[in-house]
Amino acid sequence: MPTTLAPTRPDTFDMLVVHNAFRSHFRALPGLVARVDAGDVERARQLAAFLDELCTGLHEHHTGEDELMWPLLLERAPMHAGAILRMEEQHERIAELIRRARRDAGEFVTAASASVRDRLADTLRVLAAALDEHLAEEERQVLSVVEEVMTVAEWRALGERGRAQMPRNRQLIFLGFMMYTASASQRRKLLAEMPPAARLAWRVLGRRGFAREYRAIYRSDPEW
């Protein structure tokens with residue numbers, strides 16, 4: 001029987017899937033916030049909770065890179081040090097924008113005033129633009145270096161760290177937000193690489209739970 005050879009280099013497609021999810025939802029948030037009616041505290045709290053969850057996920061994603069990826073790349077690919085150090089600087093810039101967005105959101109949920117709403121929407125636009133710039137540069141300049149110098153085990157450790165930071169009761173929902181912004185081929189690959197129990201959980205529980213949360217946030221049905 002033919003045997004399937006184990007990969008010798010990391011497959012970074014999963015990073016693209018994660019990036020696309022962050023891109024899509026951070027881009028959407030300024031418009032969602034801007035459409036909140038003044039005084040609608042319930043909607044303000046709903047969007048602030050979504051923002052907080054996204055910010056926590058992005059923080060953990062970047063912390064994993066700071067701890068497990070950049071040091072290895074600097075050691076093994078010093079010729080790319082300029083690009084890698086720029087990635088670290090962009091992380092710091094994004095972290096500051098996240099702190100500002102959370103401060104604005106904390107004010108927004110108290111009364112949903114129009115002035116704070118507009119300030120939060122502006123902050124989120126700047127954050128989304130900074131994130132877009134960072135993710136595009138990382139994909140263009142860094143992922144090919146990852147594939148050259150990191151091992152499969154090291155790449156998997158980065159993914160496992162991210163999953164470990166995710167609350168278990170939110171994992172299927174997060175999976176839904178990633179699956180929804182992935183391409184059809186990426187979704188097939190994600191499903192194929194899941195353990196059978198995880199695939200079943202997604203089909204039986206996850207897809208329905210994600211659709212319910214998507215409707216609450218976006219006020220429309222997800223279109224697959």
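Here, residue 1 is the first one in the sequence, and each next residue gets the next number.
- Looking only at side-chain heavy atoms (C-beta outward), Gln165 and His59 stay at 4.5 Å or farther from each other.
- Hydrophobic clustering (ILVMFWY, side-chain heavy atoms < 4.5 Å, transitive): Val33 and Ile98 are in one cluster.
- Checked by atom type, the side-chain pair Thr56/Arg102 shows a donor-acceptor distance below 3.5 Å.
- Both Leu97 and Val116 are assigned to one and the same hydrophobic cluster, defined by single-linkage of ILVMFWY side chains at heavy-atom distances under 4.5 Å.
- Minimum interatomic distance between Phe26 and Leu54 (heavy atoms only, all atoms of both residues): CZ-CB, 3.8 Å.
- Comment: Arg119 does not engage Asp122 in a salt bridge, judged by the lack of any side-chain N to carboxylate O separation of less than 4.0 angstrom.
- By the side-chain hydrogen bond (donor to acceptor under 3.5 Å, both in side chains) test, Arg27 pairs with Asp132, sequence neighbours left out.
- Applying the salt bridge (Lys or Arg N to Asp or Glu O under 4.0 Å) test to every pair with at least one member in residues 179-188, sequence neighbours left out, gives no pairs at all.
- The side-chain hydrogen bond (donor to acceptor under 3.5 Å, both in side chains) check on Glu96 picks up Arg99, with sequence neighbours excluded.
- One distance of note links CE of Met178 with CD of Gln186; it measures 11.5 Å at 0.5 Å rounding.
- Inspection of the Gln46 and Arg43 side chains reveals an N or O donor paired with an N or O acceptor under 3.5 Å.
- Under the 30°/60° scheme for interplanar angles, the aromatic rings of Tyr180 and Phe210 are found to be tilted.
- Note that the CZ atom of Arg156 and the CG atom of Asp11 stand 10.0 Å from one another [nearest 0.5 Å].
- The main-chain N or O of Val36 is found under 3.5 Å from a side-chain atom of Arg117 such that the two form a donor-acceptor pair.
- One finds the CG atom of Leu29 at 12.0 Å from the OG1 atom of Thr123 (value rounded to the nearest 0.5 Å).
- When side chains are defined from C-beta on, Glu67 counts as touching Arg161, because their heavy atoms get closer than 4.5 Å.
- Residue Gln141 comes nearest to Ala83 through the heavy atom pair OE1-CB, 3.3 Å, listed as atom of the first residue, atom of the second, then distance.
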Check step by step if side-chain contact (heavy atoms from CB on, under 4.5 Å) holds for Glu65 and Met87. CA-CA 10 Å; Glu65 292 178 339; Met87 296 298 100; over 6 Å; no

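- Nearest heavy-atom pair across Met69 and Leu158 is SD-CD2, 4.0 Å.
- The distance between the ring centers of Phe177 and Phe50 falls below 6.0 angstrom.
- Judged by distance alone, with hydrogens and angles left aside, the side-chain atoms of Arg125 form no donor-acceptor pair with the main-chain N or O of Pro30 at under 3.5 Å.
- Using a 4.5 Å heavy-atom cutoff, the side chains of Leu16 and Leu143 are in contact.
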Throw together a table of side-chain donor-acceptor distances under 3.5 angstrom for residues 73-82, partners on residues two or more places apart or in other chains.
from	atom 1	to	atom 2	distance (Å)
Arg76	NH1	Val149	O	3.0
Arg76	NH1	Glu154	OE1	2.8
Arg76	NH1	Glu154	OE2	3.3
Arg76	NH2	Glu154	OE2	2.8

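- Pairing each heavy atom of Thr8 with each of Val152, the nearest pair is C-CG2, 3.8 Å.
- We find the CD1-CD distance between Ile94 and Glu133 to be 8.5 Å, quoted to the nearest 0.5 Å.
- Residues in residues 138-175 take part in no ring-ring contact (aromatic ring centres under 6.0 Å, His included) pair, two or more places apart or across chains.
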Could you go step by step and tell me if Met15 and His61 meet the side-chain contact (heavy atoms from CB on, under 4.5 Å) rule? CA-CA 10 Å; Met15 184 73 84; His61 176 73; 3.1 Å; yes

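- Side-chain contact check for Leu131 versus Arg23: every heavy-atom pair is 4.5 Å or farther apart.
- Closest of all the heavy-atom pairs between Leu124 and Ala101 is CD2-CB, 4.0 Å.
- Note that NE2 of His25 is 5.0 Å distant from OG1 of Thr181, once rounded to the nearest 0.5 Å.
- Separation of atoms CG (Asp40) and CZ (Arg35) is listed at 13.0 Å; rounding is to 0.5 Å.
- Across Phe108 and Ala44, no two heavy atoms sit closer than the pair CE2-CB, 3.5 Å.
- Relative ring orientation between Tyr218 and Tyr214 is described as parallel, the plane-to-plane angle staying below 30° on a 0-90° scale split at 30° and 60°.
- Here ring-ring contact (aromatic ring centres under 6.0 Å, His included) pairs that include residues 81-102, with residues two or more places apart or in two chains, are His62-His91, Trp70-His91, His91-His134.
- For Ser24 (side chain) and Ala21 (main-chain N/O), no donor-acceptor pair under 3.5 Å exists by modelled atom type.
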